[in-house]
2 protein chains.
Amino acid sequence: QKTADSFFHPRNSLKKPPNSAEEEDSAMENIVTEKKAEESHRQDSADLLIFILLLTLTILTIWLFKHRRFRFLHETGLAMIYGLLVGVVLRYGIHMPRDGTSVMLNCHVNASPATVLVNVSGKFYEYTLKRVLSSSGNKVDDVSDNENEMLRKVTFDPEVFFNILLPPIIFHAGYSLKRRHFFRNMGSILAYAFLGTVVSCFIIGLLMYGTVTLMKHVGQLHGEFFFTDCLFFGAIVSATDPVTVLAIFHELQVEPDLYALLFGESVLNDAVAVVLSSSIVAYQPTGDNSHTFEGMALLKSFGMFLGIFSGSFALGVATGIVTFTKLRDFQLLETALFFLMSWSTFLLAEACGFTGVVAVLFCGITQAHYTYNNLSRESQDRTKQLFELLNFLAENFIFSYMGLTLFTFRNHVFNPMFIVGAFLAVFIGRAANIYPLSFLLNLGRRHKIRSNFQHMMMFAGLRGAMTFALAIRDTATYARQMMFSTTLLIVFFTVWICGGGTTQMLSCQRIRVGVDSDQDNSVSVIASVKCNTKHESAWLFRIWYNFDHNYLKPILTHSGPPLTATLPPCCGPLARILTSPQAFENEGQLKDDDSDLILTDDINLAYGDITVNTDGSGVHTSSGAGFASGMSSEDLDRELTCGDNEVVMRGTCLVFPMDDSEPTLKDPHMRF
Amino acid sequence: QKTADSFFHPRNSLKKPPNSAEEEDSAMENIVTEKKAEESHRQDSADLLIFILLLTLTILTIWLFKHRRFRFLHETGLAMIYGLLVGVVLRYGIHMPRDGTSVMLNCHVNASPATVLVNVSGKFYEYTLKRVLSSSGNKVDDVSDNENEMLRKVTFDPEVFFNILLPPIIFHAGYSLKRRHFFRNMGSILAYAFLGTVVSCFIIGLLMYGTVTLMKHVGQLHGEFFFTDCLFFGAIVSATDPVTVLAIFHELQVEPDLYALLFGESVLNDAVAVVLSSSIVAYQPTGDNSHTFEGMALLKSFGMFLGIFSGSFALGVATGIVTFTKLRDFQLLETALFFLMSWSTFLLAEACGFTGVVAVLFCGITQAHYTYNNLSRESQDRTKQLFELLNFLAENFIFSYMGLTLFTFRNHVFNPMFIVGAFLAVFIGRAANIYPLSFLLNLGRRHKIRSNFQHMMMFAGLRGAMTFALAIRDTATYARQMMFSTTLLIVFFTVWICGGGTTQMLSCQRIRVGVDSDQDNSVSVIASVKCNTKHESAWLFRIWYNFDHNYLKPILTHSGPPLTATLPPCCGPLARILTSPQAFENEGQLKDDDSDLILTDDINLAYGDITVNTDGSGVHTSSGAGFASGMSSEDLDRELTCGDNEVVMRGTCLVFPMDDSEPTLKDPHMRF
């Protein structure tokens with residue numbers, strides 16, 4: 001009996017007509033193949049349905065939690081738990097016999113081709129390479145015997161994470177970075193992200209090398225584990241993802257400087273970790289067996305790091321800038337173009353051999369800085385909401401898949417010694433990142449990073465989606481399998497324990513919550529004007545800021561002062577051509593809220609770390625530089641404070657912007 | 001030289017470590033495989049980039065066209081042109097040598113397994129079945145020799161269209177159906193969509209059978225072509241897609257009744273065509289060679305049609321209803337849940353063996369009718385915008401792929417006789433759908449469907465995405481290949497010629513443009529009150545409407561009268577439990593705009609075709625039925641007219657809702 005839908009799910013063109021009588025006998029065979037393909041399609045739908053129902057369940061439970069103000073478990077932790085449960089059911093509950101469709105062919109080919117044409121009784125079937133199973137025959141038997149068909153089905157290609165799920169998450173992070181407090185703490189964030197991640201990577205790598213050597217002596221190691229593997233492990237677990245912590249920060253309105261430090265660091269160190277890990281792999285001399293330290297290879301890796309990073313950075317910034325739009329009247333076109341440009345940044349970087357994830361991050365940051373201002377108000381909302389939704393779905397999917405993987409992944413290697421060593425190393429690595437750097441940064445900062453901030457940052461070193469994606473990408477060797485299993489445990493532990501204990505930690509560290517951005521600012525004004533600031537260290541930022549504000553912003557966006565005011569008079573005609581009509585309009589209505597936002601934003605650029613002697617009065621007078629140099633720091637600060645309400649209202653919601661109707665806690669010493 | 005990104009793109013886990021010295025020699029081999037996989041990944045990115053740049057180009061050109069008010073070419077037609085150009089370049093411009101990676105294996109296996117393990121010098125590679133190439137050896141040589149690697153790369157799996165691109169388009173159509181004029185013309189739309197499509201399918205099928213028989217006599221037919229193939233062709237080209245026409249209608253504000261008729265028909269006949277074609281394939285007795293007419297099989301097909309249709313319908317409606325939400329405070333969760341539920345409807349239907357596309361359509365309609373009212377205002381906007389964007393991207397992607405396919409598809413069979421026959425048959429089939437049905441409908445309608453409306457509907461029988469997706473789904477046989485090539489030409493012709501000539505046709509048929517919905521209504525009020533209406537034919541709708549308004553709406557949404565008012569007094573406690581607090585609130589503020597909208601909407605349900613003697617006063621008095629029976633038709637109409645402004649402002653934008661700043665043409669006889 002042949003059902004109607006068998007037509008609808010033939011894999012590609014499996015169906016063959018009974019062309020002539022001699023092929024009559026193969027018709028039945030075709031129907032069988034077709035039936036199989038249909039069955040497989042139906043199974044695929046059912047598998048995907050499992051994940052969607054998981055997500056639905058997660059959403060409903062989150063809603064319940066939010067409704068009941070239950071704050072100990074974040075949605076990502078919840079998604080992991082549901083994933084775990086489904087994993088257990090799939091692993092132990094369902095016993096599906098493996099269908100005997102896979103046939104062993106013993107062929108004597110030298111290379112492993114990407115495509116194989118199999119001649120089955122006169123008919124040709126094209127097969128594509130899926131994976132290498134194993135080099136030893138007995139293992140193959142293992143796999144084909146014990147492999148549960150269902151488990152195999154719910155296992156995604158790891159590339160899916162890198163090419164489909166991570167980009168929206170990373171882009172969203174970059175797109176949300178347009179925050180005053182981020183720019184205020186730019187210097188510190190860059191230090192934590194770049195220096196800190198490298199330090200953490202090497203410390204964890206060295207500690208793990210110690211652990212592995214010890215294991216070898218004790219006889220616990222059942223495979224190869226090289227120093228580069230240790231460094232690789234260090235790189236992947238250095239990518240922090242405090243999404244849980246930040247969601248709670250956002251809800252409780254924790255001090256914005258702390259928020260900015262954590263968020264900025266976590267966004268940028270993802271990029272650093274990706275490039276770092278790829279450089280380490282490039283250093284690893286796969287061809288020969290040496291695995292010893294080589295100066296030349298190290299240098300090459302370093303060059304590669306710089307090359308990939310700056311290439312991806314340049315690409316992201318370039319496409320971010322290119323996405324200048326004049327389609328303001330057609331919101332749908334605008335949103336679609338914005339979406340496509342962001343995606344093409346990723347693809348372009350991948351096609352060029354750079355890292356798409358990093359390119360997309362800087363594309364997001366650039367677009368938030370320039371393109372966002374060109375979008376119509378409606379498109380600003382649309383794009384924000386779109387990426388927020390994509391981010392939400394992708395994140396929860398990854399976390400529930402993580403839970404699932406603990407039981408469905410078939411090559412787990414849990415080694416207690418390695419796990420204990422890894423947890424210790426991760427802890428020490430994080431400490432070696434935060435405390436010494438904070439000390440060094442405090443030497444130069446006007447607002448010191450207080451010790452309770454440092455403890456909180458230490459505590460908030462959660463590992464999440466990026467670590468998982470990097471770990472699952474390659475699980476071919478013994479070392480990588482052990483790393484993957486350990487990484488899973490680290491993610492579980494940090495998300496549940498550190499994520500769940502955030503509120504306790506906040507109250508324990510006496511970090512102020514319920515801070516109005518406005519109020520906070522006036523406090524810091526008083527604190528900051530008394531500090532002696534270092535003008536000399538600011539020259540780079542000052543130059544960049546002036547260039548950005550006077551030339552880039554007017555050319556790339558409709559806001560900012562018109563070029564006619566900032567360029568020297570001799571360039572008058574050129575300036576008039578490059579300046580958009582809107583910019584002139586904005587000049588007319590001096591307190592246009594859009595340009596106000598941007599400028600307020602920019603003045604803050606280097607506010608915390610360094611004081612910029614900038615033409616902050618650009619909006620008000622359009623007379624350009626010169627006037628502001630006479631402004632005192634207090635004036636500048638007061639101006640910032642004035643613009644604050646506006647900024648807070650229009651600022652991008654970062655992590656989980658829900659209209660929580662809960663009253664904000666104004667008591668600095670919270671009671672739970 | 002090994003670059004860093006080679007780590008980042010190993011296909012699954014191709015990478016193997018040099019575990020021991022004896023495997024040393026295979027290490028180099030692995031690197032080669034890895035390099036290949038990396039190269040392939042990079043190529044994939046580049047290919048996808050081509051499509052994205054195509055879409056970007058399309059968007060920019062559309063913007064230019066909109067800006068210049070150039071209305072002869074719609075974005076879909078434009079996307080096709082760009083697709084064609086890229087197709088020409090790929091076909092004739094780039095000559096990429098086929099890499100010799102595919103190896104011919106001569107194995108003697110009886111069946112064609114889904115998975116093949118190939119033992120390559122001691123290592124096992126898993127291969128998955130991709131497609132059946134051909135049954136004759138010489139053809140395989142053809143393929144492997146001439147096949148351009150680039151062309152093969154840009155060819156998508158046809159299932160992508162059905163499982164990824166069509167669902168958002170169809171869902172969007174269903175979700176946009178919440179329009180007063182649609183419900184006013186419900187009866188006619190159902191008649192056109194169901195009866196009309198079936199008639200058109202059989203007429204085209206019969207005409208094509210005549211053509212094919214003629215071709216056989218003349219000796220033009222070079223393969224088998226059965227009657228069921230002809231019917232199948234009739235089914236796939238009966239799915240109309242007047243997106244181009246509707247966009248122009250929307251822009252010019254053509255009379256809303258005509259708009260509703262065309263839009264409603266095109267949405268529903270897609271569903272009918274999908275199920276019809278699958279039933280025809282089920283009828284086709286693949287196992288034996290007979291292909292003769294069988295009463296039993298016909299009956300079975302008919303049963304299958306009903307089964308699949310009602311199954312998909314029920315599933316769609318059920319999930320649409322189940323998506324009742326109370327998450328109003330958390331817009332992100334609400335939107336995410338909405339999105340996931342819609343998607344899971346599709347997957348669930350596919351997993352059950354129904355047609356996902358049909359299920360998603362009715363899910364969309366149901367959600368627009370019930371769930372939409374439960375969403376918070378912000379989520380209503382978000383979901384609309386999200387599906388609008390997805391629809392826009394998917395549609396333009398399909399159309400540019402269509403253009404590309406004309407040159408890159410490798411098995412085109414262009415037969416002039418078949419093509420001429422098909423164009424004629426499509427024309428006659430459309431005519432046989434519209435004119436006789438309009439005549440019959442006019443016997444029962446209050447507002448007659450005027451002859452210029454009929455001509456316009458005839459003219460607007462464009463073929464688009466659905467026809468293409470159905471045709472490309474199976475291109476294995478000679479008959480199917482000929483159908484596919486012909487279908488492409490039909491789509492090109494109708495989209496360019498009929499789509500481009502819409503404005504001319506409108507002015508030629510003297511169809512009013514620039515019609516304000518409001519104004520139009522007052523005209524029809526005068527016209528309609530004079531008509532004698534048929535109460536007797538309305539009983540089914542009246543019952544359904546009463547049931548929906550009094551019981552379903554209050555239970556499923558927060559709006560409508562509270563159940564306590566509509567249920568008999570004995571059910572008081574039950575009613576209080578089922579009614580949401582919001583409904584009581586709504587009762588308080590009698591003219592709540594939300595409930596007003598819904599009621600206005602519902603009263604219109606059978607307005608054009610039949611007059612419903614309904615309790616239209618439910619909102620105002622909450623006294624339930626009884627009062628309204630005394631209302632005259634005029635009162636009802638006036639009430640409708642009052643609610644109109646509200647509805648028009650809040651109504652769902654259907655096809656391409658852009659803020660076109662162009663002045664609306666009030667002149668009924670347009671000048672172009």
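Chain letters run A, B, ... following the sequence lines, proteins first and then strands; every chain starts at 1. Just the heavy atoms: all of them, side chains too, but no hydrogens, waters or symmetry mates, feed the values below.
Considering every non-hydrogen atom in both A:Ser45 and B:Ala351, the closest pair reads CB-N, 3.9 Å. Across every non-hydrogen atom of A:Ile59 and B:Leu337, the tightest pair is CD1-N, 3.8 Å. The heavy-atom pair separating A:Leu347 from B:Leu49 by the smallest distance is CB-CD1, 3.6 Å. Annotation for A:Leu333 and B:Ile62: closest pair CD1-CG2, 4.0 Å, computed over non-hydrogen atoms.
Contact check for B:Phe339 versus A:Leu393: side-chain heavy atoms found under the 4.5 Å cut-off. Taking 4.5 Å as the limit, some side-chain heavy atom of A:Glu378 sits within range of a side-chain heavy atom of B:Gln385.
How far CG of B:Leu332 is from CD of A:Glu75: 8.0 Å, rounded to the nearest 0.5 Å. The distance from atom CG of B:Leu55 to atom OG of A:Ser344, rounded to the nearest 0.5 Å, is 10.5 Å. Expressed to the nearest 0.5 Å, how far CG of B:Leu340 lies from CG of A:Asn396 amounts to 9.5 Å. The distance from atom CZ of A:Phe392 to atom OG1 of B:Thr335, rounded to the nearest 0.5 Å, is 9.5 Å.
For A:Leu386, the part lying under 4.5 angstrom from a heavy atom of chain B is the side chain only.
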